[in-house]
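Scroll down for the structure; my scribbles are underneath it.
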Amino acid sequence: MAFRKLEPDPRKREGDVLALWAERDVFRRSVEERRGGPRYVFYEGPPTANGRPHIGHLLARLQKDLFPRYKTMRGCCVPRKAGWDCHGLPVELEVEKELGISTKAEIERYGVEAFVERCKASVRRYIGAWEDMIRRLGFWIDLEHPYVTLSDDYIETLWWELKEIHRRGLLYPGHKILPYCPRCGTSLSSHEVAQGYDRVADPSVYLRMPLADDPGVSLLVWTTTPWTLPANVALAVHPREVYAEVALDGERLVLARDRVEAVLGGRGNVLREFPGSDLLGKGYLPLYPLAQGGRAYTVVGAEFVSMEEGTGIVHIAPAFGEEDHELGKAVGLPLLQPVDRSGRFTDAFPLARGEFVKDADPKIIADLRDRGRLFRAETVEHDYPFCWRCDTPLLYYAMESWFIATTQAKEEILAEAETIAWYPEHVGSGRFGDFLASMRDWALSRDRYWGTPLPVWTCGRCGALEVVGSRGELVERAVDPDLARTVELHRPYIDRVELRCPCGGTMRRLPYVLDTWFDSGSMHTAQWHYPFENVDEFRASYPADFISEGLDQTRGWFYTLLVTGVLLHGKAPYRNVLVTGMGLDAQGQKMSKSRGNVLDPMPIVEEHGADAVRWYLASESAPWNERRYSAEGARQARFGFLETVRNCHDFFALYAGIDGFTPETPVPEPPARPALDRWLLSRLGAAVGEATAALEGYDPFRATRAIAAFVDDLSNWYIRLSRPRFWGEGLPEDKRAAYGTLYEALRTLALLLAPFTPFLAEALWLSLRREGDLDSVHLAPWPEPFPQDRALEEQMHRVREVASLALGARNLAKVKVRQPLPSLHVLRRPGDEAVPEELWDLVKAEVNVREVVLVDDLAPFRSPKVSPEFRVLGPRHGPRAPRIGAALARMDPAAVAAALARDGRVPIPGEGVELASDEVKVTWEPKAGFSLVEEREGAVALDLRIDDELRAEGDLRELVHRLQLLRKEAGFEVTDRIALGYAGDLGELFHRFGDRIRDEVLAVELLPGSLDGADHGAELEVHGRSGRVWLKRVGR
RNA sequence: GGGUCUGUAGCUCAGGUGGUUAGAGCGCACGCCUGAUAAGCGUGAGGUCCCUGGUUCGACUCCAGGCAGGCCCA
């Protein structure tokens, strides 16, 4: 097994790994080979198959891959069943767009059967796109055996669930005010409405409602939905609040006392005040007298009337508001419905017949103005719900719908919700908790075509209801059992199945389909076709240990999963939820298909590789933070991190290949290795420990930080300083220690990276694995944490800082590192004595000095300069300041500085004053021949005095450097042996340092004069000596 | 209007039980190094830590109020 350099092109490298995974069946084995281990249950939140994946989907998808991979390496068995959410309005909408139609009438005309078939085709197409993305990014999930919500088996389980819920008395038909999309022609559930609020400008109008028995007095009413005014049948006041009659510009207006200031802005005179109850029962002149009799057009009392907005007098339209509807039922108001199912006014309201209600607002306002009923009209900005899929403004409508009585199980659901661990925690306690607290019954039915059919049949004769819980029951009760046995459980096919009623009548199915969130929310059970099949599988996989989706699923899947889980199985269906932040575009706008600002990840993956995208997503920020996406992030992950890892490996592979090092080569035990090696192992131990702890706490970002810090240490310190250890011949003990350390570091790094960048990790593993190791890193066990040597890490930290200061000192003095210098003086710090000589030796090599000396005083290397601080001196000493300054300048600066340091002041001879430290500015300058750096991190003085010997050494290094460059220019391998010819003044250096030059540049011959058949040659100039050299490859 | 999260360098983001001079990466400038080489290192410039008020010896951090953005609710 030879180490070999990794494929540098990420696309090719990852392609090879994908092929290898397929060939060796690695994913399946990673599950099957863990069958004996503890089960770690993961649930896939099914993507809706109505659009292509975008980069915002990747963040949650990454978590859903990363944690199962990690847990697998920890020894758990983690089956991962893929799933696809196939039903619902989103899919219908896609097909409508394809067909260029937009109403239910058009669908009926096109034919429901053909329409449904197109829905299936659309779903298949998008599933294909998702599968491609999932495979390419190395997201391991069983795509061969997914749960598919459109399958008859899946539907059958949903029917069983509904029957169970019905048996508990929690499924019921109701007539309620529901948010309704006039374009889609169906009501929506509260979690669907929650998806679609948007800020809009709506009219805000105040209207006069003259009293029937005293038309000189008008009740003042406020609304933001003028289109609901034709359906007005009453006004509501709060019986216990105080109302006021106000005279204004010759008219008399009634409104709540607390609203007078806000509405009239201080104009008008309050004539009298009275309780709201005084108004009850009074009649008023309707705006549009469409209703007759009863208590129409009178004032009623209601507790919900608010003193926070409006006028304290509320317009009541029972057809269009939930509270209005309840109130109407309670006090017996007529229900006016002048709007049809498509959101257009009917003949009942001729003024705007056939117009979409929201479009009719201006016409209604104009009409009321003409008739003197309009008091004021303005515009307000507020949030209004829109259909989450087609962006049509929702209307609140009195509708028939089927409900699940979730509120009946509220206590149980809340109690179970307490058992769930949320990451980050606040989502569970705040957002999710709030939503549960305001729970409403689940409006389950939809008036649509493509979905799970509601399994409820009714008898045309006696009106009996039957909830069917399985295909078996269907066959048993069907008029045509053969049809029932084979029929597809979708509309329109299922609608052809009629049942026999005990009364002798025929039962037909109610034409509803289910809220698609019921489909996905039931996957815990329906993915197994439980209870008809796979009973053991179901039991072993409920509840899930881990789910992860975007924050927007709080009211979506997280909610419906919980509700169905608790109702059916009495237990929360998941234990840990990792919530990912929403994806924003580079401008900070939410990425969404409708805004057209989605970023397609695939071109980025093609350019930089899946690992780069994965590492970018994982290492940028905590997963729950929202984030702005850009291709630049993936580029940085690639060149800033992945390429460094590859480089480290390739460095190792290059030299291990040259020396014939293998994993079986004996290496010294770690305690017997140099401090540099022991330091790296300690740092490795830290990385393993931190990454493990972070992943156990569902914080992958922290894990990436620990790993990235380790890679930085590995590349920029360990390998950089260790390079000379690899250059000599053979395999002496120190070299074997270096190989052993570097090998262990890279091998462990491959394991740590496996969940994050599975392709690069695999490529590393394949190069590095030992005889007998598993044939994939993803089958290998996660590294065990091991102890650190914290003292050594601190000492290394100290010497790295010293080296950095010393390089800074070189920089200041403009002396190249190649030029050796005699000494580096380091201002001693506590603990420096304990730093082993070995570490100071690293500093010597890094800084290229002959010795490192600890000193207690910088005095030998610097001298003070003192100058008067006139800004302080002036105000204190007035006209004497210049003379004091001059006197100070004549004094010995060292003495002044010493006095100030000792006493905090210094007497000025002849002036009779003492100057305080703030009156004298002391600056330090290095003495001649030294370069000085003082920072918070420490202080060093670099001795710059170069003697002839050092100078010559510098020249040698310069020459060697040039020769190495020439070797490279000539295209030689690092192991090639060469012959060297030289001419000119340079010859002196060759004569003086012949042996060392031979060793450094692998020259077997050094010959004065030109070289026959040379591969390369050049003019060189080193420190005033010029000449020419020739290089020729003679062997390897 | 309410809840919640976020606001720190040009960009993407860390951070701190309240304590000298607030960090990283990228980008920029200058320099270095190069037997890992389409790499690597150092130095520098760049910050009212969103604003206001409070608590405190001391606030970027805690508290209150506000502003801006995201998500959610009404």
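What you are looking at is a predicted structure, and each value in this text was computed from that prediction instead of being measured. Residue numbers start from 1 in every chain, and the chains themselves are labelled A, B, ... in the order their sequence lines are given, proteins ahead of strands.
- One atom, CG of A:Leu842, and another, P of B:C41, lie 17 Å apart when rounded to the nearest Å.
- Rounded to an integer number of Å, the gap from A:Asn625 CG to B:C13 C1' is 9 Å.
- Within the nucleic acid shown, A:Ala653 has no heavy atom closer than 4.0 Å to any nucleic acid atom.
- When distances run from any side-chain atom of A:Leu551 to the nucleotides B:C71, B:C13, B:A39, the shortest one goes to B:C71.
- As a whole-Å value, the separation of A:Trp624 CH2 from B:U4 P is 19 Å.
- For the pair A:Lys968 NZ and B:G35 P, the interatomic distance rounds to 10 Å; values are reported in whole Å.
- Distance from the side chain of A:Phe651 is smallest to B:A36 among B:G35, B:A36, B:C41.
- A straight line from CD1 of A:Ile719 to P of B:A36 spans 10 Å, rounded to a whole angstrom.
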Handout entry: A:Asp712 and A:Arg683: CA distance, side-chain angles, deciding distance, salt bridge (Lys or Arg N to Asp or Glu O under 4.0 Å) verdict
Key = CA-CA 11 Å; A:Asp712 188 63; A:Arg683 292 288 305 120; over 6 Å; no
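- Nearest approach of A:Arg720 to A:Asn716, heavy atoms of both residues: NE-O, 3.0 Å.
- Taking 4.5 Å as the limit, every side-chain heavy atom of A:Phe993 sits out of range of all side-chain heavy atoms of A:Asp955.
- B:C11 is paired with B:G25 under the Watson-Crick or G-U wobble criterion, all donor-acceptor distances under 3.5 Å.
- Looking only at side-chain heavy atoms (C-beta outward), A:Glu846 and A:Leu807 come within less than 4.5 Å of each other.
- Remark: the backbone N or O of A:Glu7 is paired with a side-chain donor or acceptor of A:Arg13 at under 3.5 angstrom.
- Pairing for B:U4 goes to B:G70, judged as Watson-Crick or G-U wobble with the two contacts each under 3.5 Å.
- In this entry B:U48 has no Watson-Crick or G-U wobble partner, no candidate having both defining distances under 3.5 Å.
- Nucleotide B:G42: paired with B:C30 (Watson-Crick or G-U wobble, both distances less than 3.5 Å).
- Between A:Phe661 and A:Tyr655, the ring center distance fails the sub-6.0 Å criterion.
- An OP1 or OP2 oxygen of B:G35 is reached within less than 4.0 angstrom by no side-chain nitrogen or oxygen of A:Arg967.
- Side-chain atoms of A:Ile719 and A:Cys648, non-hydrogen and from C-beta on, do get closer than 4.5 Å to each other.
- Evaluation of atom-type donor-acceptor distances gives a pair under 3.5 Å for the side chain of A:Ser715 against the base of B:A36.
- On the P atoms, B:C11 is 24 Å away from B:U43, given to the nearest whole Å.
- Look at the C1' atom in both B:U56 and B:G40: the space between them is 48 Å, to the nearest Å.
- Atom P of B:A9 sits at a distance of 10 Å from the matching atom of B:C49, rounded to the whole Å.
- You'll find the side chain of A:Tyr559 reaches within 4.5 Å of the side chain of A:Thr406, heavy atoms only.
- Separation of the P atoms belonging to B:G46 and B:G53 is 27 Å when rounded to the nearest angstrom.
- Proximity note for A:Arg720 (side chain, C-beta onward) versus B:C41, B:A14, B:G35: the nearest is B:C41.
- When the side-chain nitrogen and oxygen atoms of A:Asn716 are compared with OP1 and OP2 of B:G42, none of them lie within a distance under 4.0 Å.
- Projected onto RNA chain B by closest heavy-atom contact, A:Gly728 and A:Phe639 fall at different nucleotides, the more 5' of which corresponds to A:Gly728.
- Rounded to an integer number of Å, the gap from A:Leu742 CG to B:A36 P is 13 Å.
- Two residues are said to be in side-chain contact when any heavy atoms from C-beta on lie closer than 4.5 Å; A:Asp324 and A:Val314 fail this criterion.
- Between A:Leu714 and A:Leu742 the shortest side-chain heavy-atom distance falls below 4.5 Å.
- Comparing the same atom, P, in B:U48 and in B:G10 gives a spacing of 7 Å after rounding to whole Å.
- Between A:Val263 and A:Trp222, the closest side-chain pair of non-hydrogen atoms is not below 4.5 Å.
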Would you list the protein and nucleotides 24-26 of chain B atom pairs, both N or O, that sit under 3.5 Å from each other?
unit_1: B:C26; atom_1: O2'; unit_2: A:Gln636; atom_2: NE2; d: 2.9

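- With P as the reference atom, B:C72 and B:G19 are 36 Å apart, rounded to whole Å.
- A:Trp422 places its CH2 atom 16 Å from the P atom of B:U4, with the value rounded to the nearest Å.
- Nucleotides B:U21 and B:C26 are separated by 24 Å at their C1' atoms, to the nearest Å.
- Going from atom CD of A:Gln964 over to atom P of B:A39 covers 20 Å, rounded to whole Å.
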Distances for protein N/O vs nucleotides 29-32 of chain B N/O pairs under 3.5 angstrom?
unit_1: B:G31; atom_1: O2'; unit_2: A:Asn811; atom_2: OD1; d: 3.2

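- Taken to the nearest 0.5 Å, the CD atom of A:Gln63 stands 5.0 Å off from the CG atom of A:Leu578.
- Among the heavy atoms of the strands, none lies under 4.0 Å from A:Asp9.
- B:C62 is paired with B:G54 under the Watson-Crick or G-U wobble criterion, all donor-acceptor distances under 3.5 Å.
- Each of A:Asp650 and A:Leu965 was assigned the nucleotide of RNA chain B with the nearest heavy atom; the assignment lying further toward the 5' end belongs to A:Leu965.
- The gap from the P atom of B:A24 to that of B:A39 amounts to 22 Å, rounded to the nearest Å.
- OP1 or OP2 of B:A14 has at least one side-chain nitrogen or oxygen of A:Ser621 nearer than 4.0 Å.
- Counting any heavy atom pair closer than 4.0 Å across all strands shown, A:Ser804 reaches sugar-phosphate atoms only and no base atom.
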